[in-house]
Amino acid sequence: MIHLVYCDDKEKVLEKILSGEKTMIVRGAAGRKIPHSRVFEGETLYFMICQIKLE
């Protein structure tokens, strides 16, 4: 399966992962349901930087 991971540009999440400062992204939620399908070893992840501009 292929997964798309949105990274917060303000917090520089992707840069921290690439530098080794972070090794995972933890997402908190009120419910116990996972947002999408689980990620297993060998699957492909694409990372995208999210930039939100408030005008």
Side-chain angles (χ1 to χ4, degrees):
M1 179 173 275
I2 297 173
H3 303 271
L4 180 59
V5 181
Y6 292 97
C7 297
D8 184 5
D9 186 44
K10 181 180 175 186
E11 299 296 324
K12 304 295 181 198
V13 174
L14 184 56
E15 288 85 352
K16 290 176 182 177
I17 291 172
L18 293 174
S19 72
E21 185 179 340
K22 289 182 79 105
T23 57
M24 66 177 73
I25 299 172
V26 178
R27 180 187 173 275
R32 295 177 51 99
K33 183 180 174 189
I34 58 175
H36 299 288
S37 61
R38 295 184 186 273
V39 178
F40 297 100
E41 187 175 341
E43 293 185 333
T44 303
L45 287 87
Y46 289 98
F47 292 84
M48 180 175 182
I49 296 175
C50 295
Q51 297 176 338
I52 300 173
K53 293 183 181 180
L54 300 174
E55 295 181 27

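Bear in mind that the values here come from a model prediction, so they are computed numbers and not experimental data. Below, each value reflects all heavy atoms present in this structure, side chains not excepted, and no hydrogens, waters or symmetry copies.
A heavy-atom distance below 4.5 Å is not found between the side chains of Val5 and Leu14. For the pair Phe47 and Leu18, the minimum side-chain heavy-atom distance is 4.5 Å or more.
By the side-chain contact (heavy atoms from CB on, under 4.5 Å) test, Thr44 is found to be paired with Ile2, Tyr46, residues two or more places apart in sequence or in another chain being considered. Every residue two or more places apart in sequence or in another chain was checked for a salt bridge (Lys or Arg N to Asp or Glu O under 4.0 Å) with Lys22, and none qualifies. Glu43 pairs by the side-chain hydrogen bond (donor to acceptor under 3.5 Å, both in side chains) definition with His3, not counting sequence neighbours.
Residues Met48 and Val13 do not share a hydrophobic cluster, defined by chaining ILVMFWY side chains whose heavy atoms lie under 4.5 Å apart. If you chain together hydrophobic residues whose side chains sit under 4.5 Å apart, Leu4 and Ile49 never meet in one group.
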